[in-house]
Amino acid sequence: MSSQTGFDLFPDRSVVAIRVNGELKDKASTVTETDAVEPVAIDSPDGLNILRHSTAHVLAQAVQKVDPDAKLGIGPPVTDGFYYDFDVAAPFTPEDLPAIEKEMDRIIRSGQRFQRRVVTEDEARAELAGEPYKLELIGLKGGGDEESVEVGGAELTIYDNVDREGVTVWKDLCRGPHVPNTGALGAHKLTRIAAAYWRGSEKNPQLQRIYGTAWPDKGALKAHLERLEEAAKRDHRKLGKELDLFSFPEEIGSGLSVWHPRGGTIRMEMEQHARKRHVEAGYTYVYTPHITKKDLFVTSNHLVTYKEGMFPPIVMDEERDADGNVTKQGVDYYLKPMNCPMHILIYQERGRSYRDLPMRLAENGTVYRNELSGALHGLTRVRGFTQDDSHLFVTPEQLEEETTKVLEFVISMLRDFGLDDFELELSMRDDEKTKWLGSDEFWEYSTNALRHVAQASGLKYIEVPGEAAFYGPKIDLKTRDAIGRVWQLSTVQVDVNLPERFELEFTDRDGEKKRPIMIHRALFGSIERFFAILLEHYAGAFPVWLSPVQVVGIPVAEVYADYLGEIVDRLRSEGVRAELDVSDERMQKKIRSHTLMKVPFQLIAGEQDRAAGTVSFRFRDGTQDNGVAIEDAVARIHEAIDTHAQV
RNA sequence: GCCCCCGUAGCUCAGUGGCUAGAGCGUCUUACUUGUAAUAAGAGGGUCAAGGGUUCAAUUCCCUUCGGGGGCUCCA
């Protein structure tokens with residue numbers, strides 16, 4: 001019986017590794033006739049990871065060539081690319097990258113083989129004596145997810161980079177697999193520099209991380225870079241400024257937004273639509289204050305579990321004597337980081353019966369969270385934001401049915417906003433005993449309920465053990481936007497903790513007092529963040545119903561302003577956001593400005609249209625529809641608004 | 001919060017250890033009244049983020065603070 005390698009079985013160079021009995025291995029591995037062997041192509045998900053991880057090795061080798069004192073951290077593949085962490089005397093600067101890139105190119109051209117070698121722990125320690133972080137990893141063998149790239153296998157392995165003369169020029173502790181040689185690597189580009197804590201903990205030293213992107217060929221790399229450019233073009237922070245939608249005045253503070261008239265109009269339209277649908281679905285709106293005495297968050301336990309996310313307290317009514325001794329105890333007030341405790345107080349305001357349930361409270365509640373300054377990002381990560389928050393109080397029997405309704409409601413609402421590519425993530429508890437609150441029965445029951453809901457939705461869904469909140473399982477809904485990015489939006493969480501802490505009750509039909517279950521539901525999550533996502537999804541060209549200005553009238557010359565003005569006035573009286581541009585500019589200039597501001601309908605009229613009793617459309621994409629009868633034009637505009645159409 | 005980078009007119013950006021800091025767009029004024037992406041001329045607009053230091057002299061060099069960007073961490 002002869003043994004073969006992956007090279008014998010798959011001579012095709014685009015096969016960079018093999019899968020043997022389900023396990024990824026180097027192409028040079030030997031297999032027997034009884035093994036199930038599959039090729040791993042460079043453009044498959046596994047192949048791309050191998051390509052990127054191998055490119056990370058080349059980066060590390062290049063960095064150590066340029067700076068022999070650089071100590072290695074880890075270098076795994078990530079979405080679209082890879083990174084490698086280094087401990088270096090001075091942080092990298094952007095000027096360092098060209099030299100590193102050049103060295104990487106040289107390494108790749110030199111045609112090194114990636115050669116796997118099994119070592120004992122003692123051998124590894126001896127060989128890597130100069131790499132303190134690698135030594136630490138050896139001690140952690142079989143550890144966490146990221147480290148597993150280095151040492152996750154059953155045995156310790158080192159990958160040698162061997163040049164054409166057979167000389168080992170570099171090596172790294174690594175589980176592999178790798179591409180056979182640097183010739184198999186495609187196109188790469190180093191993208192940015194950052195600091196990152198060793199093994200992801202703030203308590204550890206900070207290493208310098210270099211990120212890169214890598215693809216099977218130049219075309220794929222180019223396409224990726226173009227996608228990045230497209231994403232940058234529709235960055236909501238840029239569009240927010242260009243379209244005059246919102247800003248973050250320094251005087252107010254970072255992470256605190258103000259909404260300009262145009263942005264405010266879009267937001268108002270979003271909120272109005274959502275309100276209407278909530279009311280139709282049996283929710284009632286409540287209003288609660290922005291601050292509260294300390295005790296509420298003591299009872300809810302947020303001052304223990306969420307304290308570092310809260311703004312420091314406002315101390316009220318404290319009095320002191322001349323010596324500074326407190327003579328009258330003050331009261332601490334906190335800005336609310338969550339709405340739930342206040343909604344619970346509304347539930348508790350009187351005794352509740354099973355007849356009151358399910359009780360669906362909704363609020364656009366503005367909350368304040370003391371986010372780390374470095375974590376802030378445009379409207380997606382802020383310190384003050386408004387949750388479209390709902391809390392549903394249900395009996396255990398109602399849980400599954402109500403959760404189903406909630407999920408259907410969420411999906412249907414998101415569709416109203418033009419999103420239609422969803423997937424679900426069911427977060428469950430894991431086997432770790434102490435972490436989770438509530439009985440086994442509760443977890444089993446509620447997790448099953450959510451699972452049924454997820455299955456019934458027909459959407460793609462995955463289950464992630466260990467990701468649940470400590471008080472119950474949850475379903476998160478993710479959506480894919482127009483350029484393929486995935487955002488987590490809605491979340492539906494089952495909670496027995498707060499009902500317990502606040503001793504919530506309802507009287508059941510048998511006269512017994514029982515405890516309701518709470519469902520926390522955020523639909524948009526944060527209105528600010530959802531707005532940002534929509535803004536990027538549409539690249540600023542909102543569907544007509546959301547557009548701040550829906551129609552702008554542009555007379556060919558001043559004398560036609562009256563004729564067009566009548567049409568614009570009529571639209572306004574019918575609730576359309578229509579304006580007439582009577583400024584001194586040329587019509588061409590007006591068309592340009594309003595197109596840049598992404599107004600969906602430009603109505604143009606001159607002598608021809610006035611004489612015929614018609615009007616001419618011009619759209620954002622430059623297309624036209626001339627000589628449309630006024631009645632038809634008006635009907636067309638209304639229809640686009642009513643159907644939430646994109647034009 | 002931590003590491004790196006950055007902050008000049010409303011916006012996008014030039015520029016300088018020295019004299020009055022510039023451009024384009026936007027704004028205002030005037031003239032022109034035009035059929036599908038920029039009419040022309042003129043005017044106004046700056047404590048060069050703020051505070052401190054070095055210097056004969058600081059927007060420029062240094063420090064601190066504030067703000068922004070890319071990451072880490074965290075998360076809606």
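Order of the sequence lines sets the chain letters (A, B, ...), proteins ahead of strands, with each chain counted from 1.
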Provide the distance between the two [atom1] atoms, one in [N] and one in [M], to the nearest whole Å.
N: rC63(B); M: rA9(B); atom1: P; answer: 23 Å
N: rU8(B); M: rG67(B); atom1: C1'; answer: 15 Å
N: rC2(B); M: rA76(B); atom1: C1'; answer: 23 Å
N: rC13(B); M: rG26(B); atom1: C1'; answer: 14 Å
N: rG10(B); M: rG46(B); atom1: C1'; answer: 12 Å
N: rC11(B); M: rA43(B); atom1: P; answer: 23 Å
N: rA57(B); M: rC3(B); atom1: C1'; answer: 36 Å
N: rA58(B); M: rC72(B); atom1: C1'; answer: 36 Å

Of the nucleotides [options], which one has an atom closest to the side chain of [X]?
X: T595(A); options: rC11(B), rG35(B), rA37(B); value: rA37(B)
X: S616(A); options: rC3(B), rU36(B), rA31(B); value: rU36(B)
X: R592(A); options: rU12(B), rA38(B), rC3(B); value: rA38(B)
X: E558(A); options: rU33(B), rG26(B), rG1(B); value: rU33(B)
X: A557(A); options: rG71(B), rG67(B), rU33(B); value: rU33(B)

Query raised in the report: side-chain contact (heavy atoms from CB on, under 4.5 Å) between H273(A) and D416(A): does it pass, once the steps are laid out?
Result: CA-CA 9 Å; H273(A) 180 73; D416(A) 288 351; 2.8 Å; yes
Report task. Specify the residue among R620(A) and H377(A) whose closest nucleotide of RNA chain B lies further upstream toward the 5′ end. Result -> R620(A)
Report summary line: By nearest-nucleotide position on RNA chain B, the 5'-leaning member of V382(A) and V556(A) is V556(A)
Which part of the nucleic acid does [X] contact within heavy-atom distance under 4.0 Å: base, sugar-phosphate only, or nothing?
X: R237(A); answer: sugar-phosphate
X: E371(A); answer: base
X: K590(A); answer: nothing
X: E308(A); answer: nothing
X: S201(A); answer: nothing
X: R192(A); answer: sugar-phosphate
X: A196(A); answer: sugar-phosphate
X: Q206(A); answer: base
X: L596(A); answer: base
X: A522(A); answer: nothing
X: E607(A); answer: base

Query raised in the report: Is there ring stacking between F524(A) and rA76(B), where the centres must be under 5.5 angstrom apart and the planes under 30 degrees?
Result: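 No; by the centre-distance and plane-angle rule, F524(A) does not count as stacking on rA76(B).
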Is the base of [N] touched by the side chain of [X] through a donor-acceptor pair closer than 3.5 angstrom?
X: R381(A); N: rC74(B); result: yes
X: Y197(A); N: rG1(B); result: yes
X: N626(A); N: rG35(B); result: no
X: R529(A); N: rA76(B); result: no

**Report entry** Parallel, tilted or perpendicular, as decided by the 30° and 60° cut-offs, for the rings of F246(A) and W259(A)
**Finding:**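 It falls in the tilted class, 30° to 60°.
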Query raised in the report: Which word best sums up how the rings of H302(A) and F297(A) line up, parallel for under 30°, tilted for 30 to 60°, or perpendicular for over 60°?
Result: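 Rings of H302(A) and F297(A): perpendicular, as their planes differ by over 60°.
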**Report entry** Sidechain-backbone polar pair: R383(A) side chain, G255(A) backbone, donor-acceptor under 3.5 Å
**Finding:** no
For [N], give the paired nucleotide (Watson-Crick: N1-N3 plus N6-O4 or O6-N4; G-U: N1-O2 and O6-N3; both under 3.5 Å), or none.
N: rC61(B); value: rG53(B)
N: rC74(B); value: none
N: rC25(B); value: rG10(B)
N: rG44(B); value: none
N: rU20(B); value: none

Does the cation-pi check pass for [X] over [Y], that is, NZ or CZ under 6.0 Å from the six-membered ring centre and within 45° of its axis?
X: R227(A); Y: W215(A); answer: yes
X: R636(A); Y: F617(A); answer: yes
X: R275(A); Y: Y285(A); answer: yes

Between [X] and [N], is there a contact of a side-chain N or O with OP1 or OP2 at under 4.0 Å?
X: K241(A); N: rU12(B); value: yes
X: S254(A); N: rG67(B); value: yes
X: Y211(A); N: rC72(B); value: yes

**Report entry** Length of the line joining M587(A):CE and rG35(B):C1', which is rounded to integer Å
**Finding:**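 Result: 5 Å.
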Requested in this report: Round to a whole Å and report the spacing from CZ of F617(A) to P of rA37(B).
Outcome: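 After rounding, the reported distance stands at 18 Å.
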Query raised in the report: Going by atom types alone, do Y471(A) and Q493(A) pair a side-chain donor with an acceptor below 3.5 Å?
Result: yes
Report task. Before giving the answer on side-chain contact (heavy atoms from CB on, under 4.5 Å), spell out for S390(A) and H278(A) the whole-Å C-alpha distance, their side-chain angles and the decisive distance to 0.1 Å. Result -> CA-CA 10 Å; S390(A) 282; H278(A) 274 81; 4.2 Å; yes
